[in-house]
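What follows is a short report on a single structure.
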Amino acid sequence: MDNEGFFQRAYGVVRLIPPGRVATYGQVARMMGEPRKARYVGFAMHSSPGLSGGVPCHRVVFADGSLAPGFAFGGPEEQRRMLEAEGVGFLASGKVDMRRFEWEA
DNA sequence: TCCGTGACGGTGG
DNA sequence: GCCACCGCCACGG
């Protein structure tokens with residue numbers, strides 16, 4: 001459960017992201033006290049139980065607002081749909097409008 | 001011990 | 001504004 005300890009911490013933070021808001025991998029890592037492990041956070045999301053497991057990993061995006069290329073729920077398109085359903089706005093470029101929807105703890 | 005790998009991030013062309 | 005390269009960290013072969 002060691003590695004999972006890190007995973008659980010990541011999930012714990014992600015669970016705090018309110019609907020209609022998004023957080024970046026680096027942001028999550030920073031809240032865990034380990035800003036250098038952004039990549040590891042990404043891996044945690046990849047292995048996450050998903051929204052059904054209480055981990056809204058679709059609310060975690062890249063620092064520039066782009067979505068993960070290999071999203072597990074059915075592609076970035078599905079992820080975008082879920083975010084839009086929560087009220088998150090996208091730019092014409094297909095990226096999240098971070099200026100308005102980035103989560104501020 | 002060195003090399004390769006990855007849902008990242010910042011910088012430079 | 002998009003693309004490419006480099007730096008980070010932990011892990012496995």
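Source: prediction; values computed, not measured.
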What nucleotide among dA7(B), dC2(C), dG10(B) has an atom nearest to a side-chain atom of Ala72(A)?
dA7(B)
Send over the distance from Met32(A) CE to dC8(B) P, rounded to a whole Å.
15 Å
So, are Glu84(A) and Arg80(A) salt-bridged, with charged N and O less than 4.0 Å apart?
yes
Let me know the distance between CZ of Arg30(A) and P of dC9(C), rounded to the nearest Å.
16 Å
Within this structure, what is the NE2-to-P distance between His46(A) and dC11(C), rounded to whole angstrom?
18 Å
Taking the C1' atom in each of dG13(C) and dA7(B), what is the distance between them to the nearest angstrom?
23 Å
Considering only heavy atoms from C-beta outward, does the side chain of Arg59(A) approach that of Pro19(A) to under 4.5 Å?
yes
Writing each nucleotide of DNA chain C 5' to 3' as (, ), [, ], | or . by Watson-Crick or G-U pairing under 3.5 Å yields .||||||.|||||
Side chains of Lys95(A) and Phe62(A) in contact at under 4.5 Å (non-hydrogen atoms)
no
Closest approach to the side chain of Tyr40(A), judged atom by atom: which nucleotide of dC8(B), dC11(C), dC9(C) is it?
dC11(C)
I'd like to know if Arg39(A) reaches the base of dC8(C) with its side chain, counting only an N/O donor and acceptor under 3.5 Å.
yes
Given the rule that I, L, V, M, F, W and Y join up when any side-chain heavy atoms are under 4.5 Å apart, are Val88(A) and Val61(A) in one cluster?
yes
Check every strand shown and say whether Ala38(A) touches a base, only sugar-phosphate, or nothing at a heavy-atom separation below 4.0 Å.
sugar-phosphate
Measure from CG on Leu83(A) to P on dA7(B) and round the result to the nearest Å.
19 Å
Kindly indicate, with the supporting measurements, whether the criterion side-chain contact (heavy atoms from CB on, under 4.5 Å) is fulfilled by Val60(A) and Thr24(A).
CA-CA 5 Å; Val60(A) 183; Thr24(A) 70; over 6 Å; no
The side chain of Ala63(A) lies closest to which of these nucleotides: dC8(C), dG9(B), dC2(C)?
dG9(B)
Could you see if Leu16(A) belongs to whatever hydrophobic cluster contains Tyr11(A)? Use Ile, Leu, Val, Met, Phe, Trp, Tyr and a side-chain cutoff under 4.5 Å.
yes
Expressed in angstrom and rounded to an integer, what is the separation of Phe43(A) atom CZ from dC8(C) atom C1'?
17 Å
Under 4.5 Å between any side-chain heavy atoms of Tyr25(A) and Tyr40(A), yes or no?
no
So, taking the atom named CG in Leu91(A) and the one named CZ in Arg99(A), what distance separates them when rounded to the nearest 0.5 Å?
7.5 Å
Let's see if you get this right: which residues in residues 12-29 of chain A place a heavy atom under 4.0 Å from DNA chain B?
Thr24(A), Tyr25(A), Gly26(A)
Here the distance between atom C1' of dA7(B) and atom CG of Leu51(A), to the nearest Å, is 17 Å
Asp64(A) has an atom CG; how far is it from atom P of dA7(B), in whole Å?
16 Å
Here the distance between atom P of dC2(C) and atom CZ of Phe62(A), to the nearest Å, is 15 Å
List the steps and the verdict of salt bridge (charged side-chain N to carboxylate O under 4.0 Å, His left out) for Arg21(A) and Glu86(A).
CA-CA 8 Å; Arg21(A) 293 264 139 159; Glu86(A) 296 179 351; over 6 Å; no
